[in-house]
Amino acid sequence: MAARIPLDRIRNIGISAHIDSGKTTLTERILFYTGRIHKIHEVRGKDGVGAKMDSMDLEREKGITIQSAATYCVWNGSQQQFEPHNVNIIDTPGHVDFTIEVERALRVLDGAILVLDSGKGVQSQSITVDRQMKRYHVPRIAFVNKMDNPGANYERVSDMLKEKLGHHPVKIQVPIGAESDFRGIIDPIIGKAFFFDGHDGEIIREVDVPEEFAKAAAEARERIIQEVADVDDVLGDKFLAEEPITVDDIRAAIRRATLALKMTPVMCGSAIKNKGVQLLLDAVVHYLPRPTEVVNEAHDQSNGEEKIVVDSDPTKPFVGLAFKLQQDKYGQLTYFRIYQGTVSAGDTIYNVSNEMRKVRVPRMFRMHSEDREEVPSAEAGDIVAFYGVEASSGETFTDGKVSITLTSMHVPAAVISLAITPKDRAVEANFSKALNRFTKEDPTFRVHQDEESQQTIISGMGELHLDIYMERMRREYNCDVVAGKPQVAYRESITRRAEINYTHKKQTGGSGQYAKIMGYIEPLPADAVEAYEFVDDVTGGSIPREFVSSCDKGFRDGVRKGTMIGFPIVGIRCAINDGASHAVDSSEMAFKTAAIMGFREAYANAAPTILEPIMKVQIDAPTEFQGSVVGHVNQRRGVILETVAGDSVSITAEVPLNAMFGYSTDLRSATQGKGTFTMEFARYAIVPKQEQEEMKKVYREKLAAEAARK
């Protein structure tokens, strides 16, 4: 086996972007130039093979990435100027419905490439992935792709990074031409121009900067020094002292500022035309972090969840995070990021997130999309897949010598639900198996049984998300399903404060029940993080301390299901400030009941209202269809936020989710099949009064029908 590449020469990176920005095409080129694959296949290739990283049949058919795919390659520089570096890559989906795939990839990665379309710049999903990168403090390089496309504008896209994402972008390259005239790239830091020859751009020609670009290159170098000096003190001091600044000085400063998240290096190229990819790989080595440069926080379970830092040290006790599960023909593969220590095949490891349950590691692999290469061991900084290790996404494993848990990933709430049943009763076992596996694989895919109708309800991030899982049931489990009308995840809330004053008395044969609670409920501020807040303002022991938590439990039961349409209640603060108890008759149950009943009374007086999910929708279509696209948005109660017109028009709007069902068909027919759209959850907003009345009426009729059945 080849000698192991040391830790300081490992890079763990993700490639993220808005849908259709060219992420998978870029990854395909990276694999080709690093020798991992020997032939380039396109995402929607005519050869029927599809890109290496799109390994699912569904991905190849639809031309989109559904699951993040891991691979690795070895890079020693565009001019063989480096020692070999091991680059672990995760190619993530661009569609918002599969946002959890991006979320968990960024949770375990050290750096990222944010791919942007040179004509469209920062789009809605670019904003979402940028927010995810910020959540996990991931340094990134921005790559302005598709420089050969009509409307390509490197300067404008860089400006958008500042305006829309709040970055400090520094353009570290100068494109030679743009659109159909895009020929090569100048690196002003070293003062050289690069052209990409050969059938697949594999021959890199380094030449002096062409005469007509000499002035632009010199100005770009000055600008880079000034802009980096603004955020790096070391370079800033040299710049102010007017000392000579070398290539190494600039690169070291860019690296420090990028790792500190103070700047974003901006590069350009065209993955499909094989230009600029090798220089981007050089920048990954120069500017993105080694595993040892990333602070990985964890909680020490043996010391009251105290925060500690996990070192990227292969000699310390093993700590790893299971971040993705995948079933294949051989069984379950569990993807792990090794944060500390070393693990070998045959070792026993302990699931700290699941009561130190111990499991044996039978075999482990380094993944290359769906291909695998068996390895005997893995060390800190590695991303590998264990075969035959049962786990759930986000669980921490150790070697049993330490009891620490790594912080898990953020899981967004579902916005849409569907009732589904198998067409054929004979495949019910397969139906259950599929649902069990999918919920384990994907934390945003949720399943529950409706208590009243006994239907199986699946919930997820959007129509496409649920459609893909139903299609996978049919293909992978031979189980056709019938789906009901999509159900929007409505919520109930209150619009004013209401007092609670409730006494619960019940006298039966033996000891009775007595509890009195006083307090109030009120709306939480619009920017509140939690949906429910409990406030204990009881003084003087009017409610004994042991019963306060029972009041909280009662309120939590109350907010689980509102009385208007039976959906959960959010954005509410429940407070208790007084009450009374009885030495014999008071109990936890009595106070819980008093809290539930008191909450219901107060809720009716707090001007309750119904909330609906509002989606941020971005529509791209040829300019001639702008009128009909805007008309459709208005018909669906949409509010247009921004319109950017050029060769095509890009419209950003907020539209209620309930009005978006079937929109893809309408958009296709209104734009002769040329329009596309993406949408993501933005916020909850109050449903118009007339619709609220209709919804309440339907809910009352449903309750009456259920009561009659009983």
Side-chain angles (χ1 to χ4, degrees), residues 8-16 77 82 85 87 106 109-116 122 126 129-144 154-155 157-174 185-191 217-269 276 279-296 312:
D8 65 344
R9 285 198 262 124
I10 290 177
R11 300 289 183 272
N12 291 315
I13 64 162
I15 299 180
S16 303
F82 304 134
H85 280 67
V87 183
L106 291 173
L109 293 168
D110 304 327
I113 298 170
L114 175 63
V115 184
L116 299 161
V122 173
S126 320
V129 296
D130 182 69
R131 191 163 56 238
Q132 292 168 317
M133 288 175 189
K134 284 173 179 161
R135 182 181 294 133
Y136 300 112
H137 310 295
V138 177
R140 80 284 273 169
I141 293 169
F143 180 67
V144 180
Y154 180 52
E155 306 277 335
V157 177
S158 179
D159 292 344
M160 287 173 88
L161 280 166
K162 188 172 187 173
E163 292 157 17
K164 292 199 170 187
L165 302 180
H167 287 211
H168 176 62
V170 179
K171 299 185 289 294
I172 61 170
Q173 291 179 329
V174 174
I185 293 164
I186 294 165
D187 180 345
I189 297 172
I190 60 170
E219 287 170 356
R221 190 176 196 275
E222 280 303 306
R223 194 172 55 247
I224 290 166
I225 293 169
Q226 287 175 22
E227 289 176 352
V228 178
D230 286 344
V231 289
D232 182 76
D233 293 341
V234 180
L235 191 71
D237 291 344
K238 277 200 158 194
F239 178 64
L240 291 172
E242 297 185 358
E243 292 177 25
I245 292 172
T246 65
V247 169
D248 288 344
D249 290 336
I250 299 172
R251 283 182 175 158
I254 292 174
R255 180 179 185 81
R256 284 190 298 270
T258 303
L259 298 198
L261 304 178
K262 289 179 179 175
M263 69 162 272
T264 304
V266 185
M267 305 181 72
C268 63
L279 303 184
L280 177 65
L281 272 169
D282 288 349
V284 165
V285 170
H286 283 308
Y287 308 129
L288 291 183
R290 322 176 171 105
T292 49
E293 293 173 311
V294 179
V295 176
N296 297 305
S312 296

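Of the possible donor and acceptor atoms, one in the side chain of His168 sits under 3.5 Å from a partner among the backbone N and O of Glu227. In terms of modelled atom types and a separation under 3.5 Å, the side chain of Tyr136 and the main chain of Leu109 share no donor-acceptor contact. At least one donor-acceptor pair under 3.5 Å links the side chain of Arg11 to the backbone N or O of Val285. Under the 3.5 Å distance criterion, the side-chain polar atoms of Tyr154 are matched with a main-chain donor or acceptor of Val266. Within the 3.5 Å criterion, the main-chain N or O of His167 finds no donor-acceptor partner in the side chain of Thr264.
Of the inter-residue distances, the one linking Asp110 atom CG with Asn296 atom CG reads 7.0 Å to the nearest 0.5 angstrom. In this structure, Leu261 CG and Met133 CE are separated by 11.0 Å, a value rounded to the nearest 0.5 Å. Separation of atoms CD1 (Ile113) and CG (Leu280) is listed at 4.0 Å; rounding is to 0.5 Å. A distance of 11.0 Å separates CZ in Phe239 from CD1 in Ile250, rounded to the nearest 0.5 Å. For the atom pair Met267 CE and Leu116 CG, the distance stands at 13.5 Å (nearest 0.5 Å). Ile245 contributes atom CD1, which lies 4.5 Å from atom CG of Leu235 (distance to the nearest 0.5 angstrom).
When all heavy atoms are compared, the tightest approach of Pro291 to Ser312 is O-OG, 3.2 Å. When every heavy atom of Val231 is checked against every heavy atom of Ala257, the shortest pair comes out as CG2-CB, 3.8 Å. Closest heavy-atom contact between Cys268 and Ile185: O-CD1, 3.2 Å. Taking each heavy atom of Ala253 and Val228 in turn, the nearest pair found is CB-CG1, 3.6 Å. In this structure, Pro139 and Thr258 approach most closely via the heavy-atom pair CB-O, 3.4 Å. Here the closest non-hydrogen pair linking Pro188 and Ile224 is CG-CD1, 3.7 Å.
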Hey, mind stepping through Val144 and Gln173 against side chain to side chain contact (heavy atoms under 4.5 Å, CB included) and telling me if it holds?
CA-CA 11 Å; Val144 180; Gln173 291 179 329; over 6 Å; no

Would you sort out whether Arg223 and Gln226 count as a side chain to side chain contact (heavy atoms under 4.5 Å, CB included), showing the intermediate values?
CA-CA 5 Å; Arg223 194 172 55 247; Gln226 287 175 22; 5.6 Å; no

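Contact annotation: the side chain of Val294 never approaches that of Asn12 to less than 4.5 Å [non-hydrogen atoms, C-beta and beyond]. With a 4.5 Å cut-off on side-chain heavy atoms, Asp249 and Thr246 count as touching. Under the 4.5 Å side-chain criterion, counting only non-hydrogen atoms from C-beta, Leu114 is in contact with Leu165. Taking 4.5 Å as the limit, every side-chain heavy atom of Ile254 sits out of range of all side-chain heavy atoms of Val170.
The salt bridge (Lys or Arg N to Asp or Glu O under 4.0 Å) contacts involving residues 160-172 comprise Glu155-Lys171, Lys164-Glu642, where partners must be two or more places apart or lie in separate chains. Every pair passing salt bridge (Lys or Arg N to Asp or Glu O under 4.0 Å) that includes a residue from residues 286-296 is listed here, sequence neighbours excluded: Arg255-Glu293, Arg290-Glu293.
Surrounding NZ of Lys262 are at most 12 heavy atoms belonging to other residues, nucleotides or ligands under 6.0 Å away. More than 12 heavy atoms of other residues, nucleotides or ligands sit less than 6.0 Å from atom CD of Glu243.
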